[in-house]
Amino acid sequence: MANDRLQACPEQSSSSVSSRCFDNHGIRGSPTSTVIGPSKHRHSTLGDPNFVENYFKNSRLHFIGTWRNRYRNRFPSLSNGFTKSHSNVSAGTQKTPIIHIDMDCFFVSVVIRSHPELNDKPVAVCHSDNPKGTAEISSANYPARDYGIKAGMFVRDAKSLCPQLVILPYNFESYEEVADQFYNILHKHCNRVQAVSCDEAFLDVTDLEGKDPQLLASAVRKEISEATGCTASAGIAENMLMARLATRTAKPNGQCYIHPERVDEYLDQLPIKVLPGIGHGLAEKLKNKNVRTCGELRLISKDSLQKYFGIKTGEMLWNYSRGMDNRLVGMIQESKSVGAEVNWGVRFRDLQHAQHFLLDLCKEVSLRLQGCGVQGRTFTLKIKKRRKDAGEPAKFMGCGDCENLSHSTTVPLATDDIEVLQRISKQLFGSFHIDVKDIRGVGLQVSRLESADTSRQAPERNSLKSWLMSASASSKQQFDINRIAKECVDSEGKSVGGNSGVLRIASVENSVHETNNAPNGEGGSNQSSSVPPLCHLDMGVVENLPSELLSELNEIYDGKLVELITKRKVQGDKSTGSACFFPPEPAQVAVEEAERSRNSASVSLRRTALEMKGTQHILEELRMVPDSEARPDSVAISTAGLENNDLVPSSLSQVDTSVLQQLPEELRADIFEALPAHRMPEGTALGPRTDNMHPPLGIKTATDNQPGSTDSGLSNNLWIGDPPLWVDKFKVSKLSTLNFFVDMYYKANSAESLSSILQCIIAESLHPLNARCDAWNEAIHSFSELLMNYIKLKIVVDIEEIYVCFRLLRRLSTKSQFFLEVYNLVFPHLQASVDENYSGTLHIPPIK
DNA sequence: ATCCTCCCCTAC
DNA sequence: TAAGGTAGGGGAGGAT
Ligand SMILES: Nc1ccn([C@H]2C[C@H](O)[C@@H](COP(=O)(O)OP(=O)(O)OP(=O)(O)O)O2)c(=O)n1
Ligand SMILES: [Mg+2]
Ligand SMILES: [Mg+2]
């Protein structure tokens with residue numbers, strides 16, 4: 001099982017160590033590369049078109065942060081065996097001897113080997129030797145530490161403490177090699193090794209059989225030193241905490257055993273800051289309570305510690321201050337998240353620039369997911385935003401004092417696809433509404449991971465990608481709204497053209513970013529050829545697009561779109577404002593009314609209304625934007641790309657609409673969803689707009705492989721025909737339950753989508769299905785078969801439809817025993833089918 | 001109670 | 001000039 005990871009290790013993502021070569025041969029002739037600024041910011045995002053890759057290549061923190069994943073791939077068998085070391089669960093007092101071992105001043109030791117003459121001189125590893133510089137010391141040897149030099153210090157401070165300090169450059173390849181030697185030796189001597197970092201591990205030496213742990217420690221240290229030319233120190237104690245502390249005492253090049261009976265004595269005067277887990281924050285808080293040493297900490301009751309610091313933290317403090325630690329030495333466990341972030345050198349010129357950077361980050365994360373053999377469902381975008389009062393940071397190109405913001409979204413099916421990541425990230429990014437000039441750091445994290453065990457992903461023809469790309473796959477959303485809106489639009493027959501037109505444009509724009517080879521100085525000049533003139537757009541629809549989409553679109557039209565909307569608002573007033581989303585049109589009152597009873601359509605409306613009341617609040621926020629910046633043009637740079645020109649309301653109706661466009665994220669998600677966005681009209685046998693989304697990418701559309709592939713084994717499908725076979729079959733059935741479905745079919749206007757029919761069933765206030773009538777089991781069987789036929793028919797072409805149906809079914813199952821049994825019966829079949837076609841699990845969220 | 005999102009803290 | 005990443009633990013507070 002663990003070997004699954006072996007094959008799932010394609011090319012590595014950017015790394016200081018891996019030999020991966022990204023071909024940068026100027027593929028991306030983005031504007032950034034042509035406008036090489038006045039070399040001032042050669043190493044910021046300004047001026048380096050390949051910033052992300054170069055940055056990670058040189059980052060020490062990236063190196064140590066990603067080391068664990070490399071270790072996983074190098075020793076797959078050790079990643080996930082039986083989890084914990086052994087069964088000894090006696091809390092608190094274990095008799096298990098533990099060794100903690102850690103290389104001495106690792107980065108220095110490794111590179112100093114080629115400079116033996118420096119051995120007792122103060123030496124540090126750092127990118128820069130500039131005595132006025134703000135480069136950070138990565139590691140300092142022990143002579144250097146005598147001067148007070150520490151890791152993390154600016155080189156200028158280190159130099160001022162010790163002017164003769166010798167600076168050596170990094171050598172990440174060597175660090176990796178030595179780390180490998182280190183772990184090979186550890187594994188040779190002990191089968192219970194918990195890797196902490198590239199230079200540090202715990203050994204559980206319970207099964208030593210008479211041998212002295214201290215002798216083992218010195219043997220291991222000796223071997224390491226001889227093999228690598230670098231020294232290690234070791235701590236030996238009865239638990240991990242004390243072993244870790246013993247190592248600290250042992251350094252450098254020594255070892256230390258702490259006898260259980262001497263633990264109290266050892267801890268009594270020890271500053272609490274030294275305990276692993278107590279960092280700056282906790283130490284400060286404790287200092288305010290007059291606690292500086294472990295002895296003082298012990299005087300506080302567990303209750304008050306837990307009240308003040310929380311259950312777990314309080315307990316940890318109480319235990320650690322007594323030298324108690326019940327953790328067990330364990331294997332590396334499967335990772336729970338994968339991410340990448342950059343908080344140095346981030347200075348964006350404009351929205352395009354920021355988005356280009358985001359695309360690179362997504363590429364990085366996608367590669368890392370693949371490197372780990374996992375896919376994820378929730379995506380978190382982190383932004384560091386310059387704090388209002390903060391000026392230029394002390395550290396060159398640093399992020400300085402920032403607010404840390406994060407937004408996340410969850411999709412129903414795990415993915416590692418770069419384009420999906422990019423689409424999702426872009427949407428998340430839009431939801432921050434931040435002036436890109438205030439951005440000092442960006443990170444993307446993926447969690448809710450699932451193993452991507454089936455190495456070959458689903459065939460390209462399936463509809464997964466376009467669905468996840470469509471942004472309507474965000475899990476908080478209710479898909480029936482989507483349907484209602486769709487039916488509404490369809491039945492009116494108007495604005496359908498306008499709608500899909502809009503969507504197509506947005507999609508084209510999307511792909512333009514990815515294939516923008518031709519350097520087209522700034523604007524969207526080359527796009528205009530493929531984009532309909534402004535006057536052809538259905539403004540009613542445009543106006544009500546979610547702001548991210550609107551801003552994308554606005555870019556294409558050079559900001560004219562927003563101008564136009566603004567003008568319309570001034571004269572036209574609110575009538576278009578809300579009429580378009582949930583119009584109480586007569587045509588679909590039936591459906592809508594049914595939905596309104598308990599579905600989120602009404603919830604959304606309610607929320608919208610609520611939010612409107614909070615207008616004041618939002619307006620205040622908006623008003624601050626112009627204040628916080630000196631420049632008039634900065635407005636156009638904000639991520640939302642929305643015009644804030646007319647922030648100061650001149651009338652109430654105007655307030656309403658501007659609020660609508662600045663709606664909070666989740667609300668806009670609802671609105672977004674209300675648009676029939678990415679779905680093609682029913683009946684088109686097309687794989688949903690894959691072709692529209694990415695014309696230049698050459699993704700095969702379902703039309704390309706029409707008759708052959710889709711047709712396989714569907715000849716007897718109950719959904720073939722007009723009306724579908726099942727209609728006639730059920731019509732003549734003696735089972736009233738089946739007759740009922742036929743009624744619903746016609747009530748849904750002979751819709752060929754099951755979801756429409758299920759909608760109608762939900763709308764039916766009385767379910768005859770509750771009564772255990774005639775041949776109950778036979779009815780269940782027949783309907784289940786119908787359902788499975790439907791899955792077979794749609795699973796490849798339109799997985800979203802399947803998803804929608806199962807959400808509806810799940811809802812029905814709470815009210816009807818019939819549907820509950822059907823749901824439970826067919827659900828395993830659904831998952832098997834999803835796994836076969838998409839190698840994953842489709843997550844059907846619980847009903848709200 | 002348990003989950004989820006948005007944080008902060010910690011270690012290397 | 002300089003490369004302030006990464007992942008897990010956990011708390012607060014809200015939704016279910
Ligand atoms: N703030 C930090 C901490 C660590 N490291 C890198 C350099 C270190 O050499 C390596 C290992 O970290 P240690 O905490 O083990 O520190 P050293 O090995 O350098 O010194 P010690 O002898 O205290 O273990 O990680 C870093 O770049 N920046
Ligand atoms: Mg070390
Ligand atoms: Mg270490």
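Labels below follow one simple rule: chain letters A, B, ... track the order of the sequence lines, proteins then strands, and each chain is numbered from 1.
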Can you check the [X] [atom1] to [N] [atom2] distance for me, whole Å?
X: Leu369(A); N: dA7(C); atom1: CG; atom2: C1'; value: 14 Å
X: Asn319(A); N: dG9(C); atom1: CG; atom2: P; value: 17 Å
X: Lys150(A); N: dC12(B); atom1: NZ; atom2: P; value: 15 Å
X: Phe51(A); N: dA3(C); atom1: CZ; atom2: C1'; value: 7 Å
X: Arg386(A); N: dG4(C); atom1: CZ; atom2: P; value: 23 Å
X: Glu364(A); N: dA7(C); atom1: CD; atom2: P; value: 11 Å
X: Lys385(A); N: dC7(B); atom1: NZ; atom2: P; value: 12 Å
X: His62(A); N: dA7(C); atom1: NE2; atom2: C1'; value: 14 Å

Show me the protein contacts with nucleotides 1-3 of chain B, counting only N or O atoms at under 3.5 Å.
none

What's the gap between dT10(B) and dA3(C) when it is taken at their C1' atoms, as a whole Å value?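 dT10(B) and dA3(C) have their C1' atoms separated by 23 Å.
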Given DNA chain C, 5'-ward residue of the pair Gly400(A) and Gln445(A), judged by closest heavy atom: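 Nearest-nucleotide comparison on DNA chain C picks Gly400(A).
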Please compare Asn69(A) and Ala135(A) by the position of their nearest nucleotide in DNA chain C and report the one closer to 5'.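 Comparing both residues, the 5'-ward one is Ala135(A).
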Name the nucleic acid region contacted by [X], choosing base, sugar-phosphate or nothing; use a 4.0 angstrom heavy-atom cut-off, strictly under.
X: Arg244(A); value: sugar-phosphate
X: Gly345(A); value: nothing
X: Leu275(A); value: sugar-phosphate
X: Pro276(A); value: sugar-phosphate

Check this one for me: any side-chain N or O of [X] less than 4.0 Å away from OP1 or OP2 of [N]?
X: Thr380(A); N: dC6(B); value: no
X: Thr313(A); N: dC9(B); value: no
X: Asn404(A); N: dC9(B); value: no
X: Ser337(A); N: dG8(C); value: yes
X: Tyr170(A); N: dA3(C); value: no
X: Lys395(A); N: dA3(C); value: yes
X: Asn343(A); N: dG5(C); value: yes
X: Arg60(A); N: dG4(C); value: yes
X: His127(A); N: dT1(C); value: no
X: Ser59(A); N: dG4(C); value: yes
X: Lys384(A); N: dG4(C); value: no

Any cation-pi pair here, [X] with [Y], using under 6.0 Å and within 45°?
X: Arg145(A); Y: Tyr142(A); answer: yes
X: Arg448(A); Y: Phe379(A); answer: no
X: Arg368(A); Y: Phe56(A); answer: yes

[X], nearest nucleotide to its side chain (from [options]):
X: Asn130(A); options: dG4(C), dG8(C), dA2(C); result: dA2(C)
X: Arg368(A); options: dG9(C), dT6(C), dT10(B); result: dT6(C)
X: Val196(A); options: dA3(C), dC12(B), dT1(C); result: dC12(B)
X: Ser128(A); options: dT5(B), dT1(C), dG5(C); result: dT1(C)
X: Thr410(A); options: dA3(C), dG11(C), dT5(B); result: dT5(B)
X: Ala340(A); options: dT1(C), dT6(C), dG9(C); result: dT6(C)
X: Ser406(A); options: dG10(C), dA3(C), dC6(B); result: dC6(B)
X: Leu405(A); options: dG5(C), dC7(B), dT1(C); result: dC7(B)

[X] with [Y]: basic N within carboxylate O range, under 4.0 Å:
X: Asp438(A); Y: Lys388(A); answer: no
X: Lys251(A); Y: Asp102(A); answer: yes
X: Arg60(A); Y: Glu136(A); answer: yes
X: Lys382(A); Y: Glu341(A); answer: yes

List, with names and distances, any nitrogen or oxygen atoms from the protein found under 3.5 Å away from nitrogen or oxygen atoms belonging to nucleotides 13-16 of chain C.
none

Looking at every non-hydrogen atom in both residues, tell me the closest pair between Arg347(A) and Thr45(A) and how far apart they are.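 Closest heavy-atom pair between Arg347(A) and Thr45(A): O-OG1, 2.6 Å.
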If every non-hydrogen atom of Pro169(A) is compared with every non-hydrogen atom of Tyr175(A), which pair is closest and at what distance?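 Where Pro169(A) meets Tyr175(A) most closely, the heavy atoms are O-OH, 4.3 Å.
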Tell me if a side-chain donor or acceptor on Asp416(A) pairs with a main-chain N or O of Gln375(A) at a distance below 3.5 Å.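 No, Asp416(A) side chain to Gln375(A) backbone: no donor-acceptor pair under 3.5 Å.
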Side-chain donor/acceptor of Trp344(A) to backbone N/O of Ser44(A), under 3.5 Å: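 Not a single qualifying donor-acceptor pair exists.
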OG1-NZ distance between Thr134(A) and Lys395(A), expressed to the nearest 0.5 angstrom: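 NZ of Lys395(A) is found 4.5 Å from OG1 of Thr134(A).
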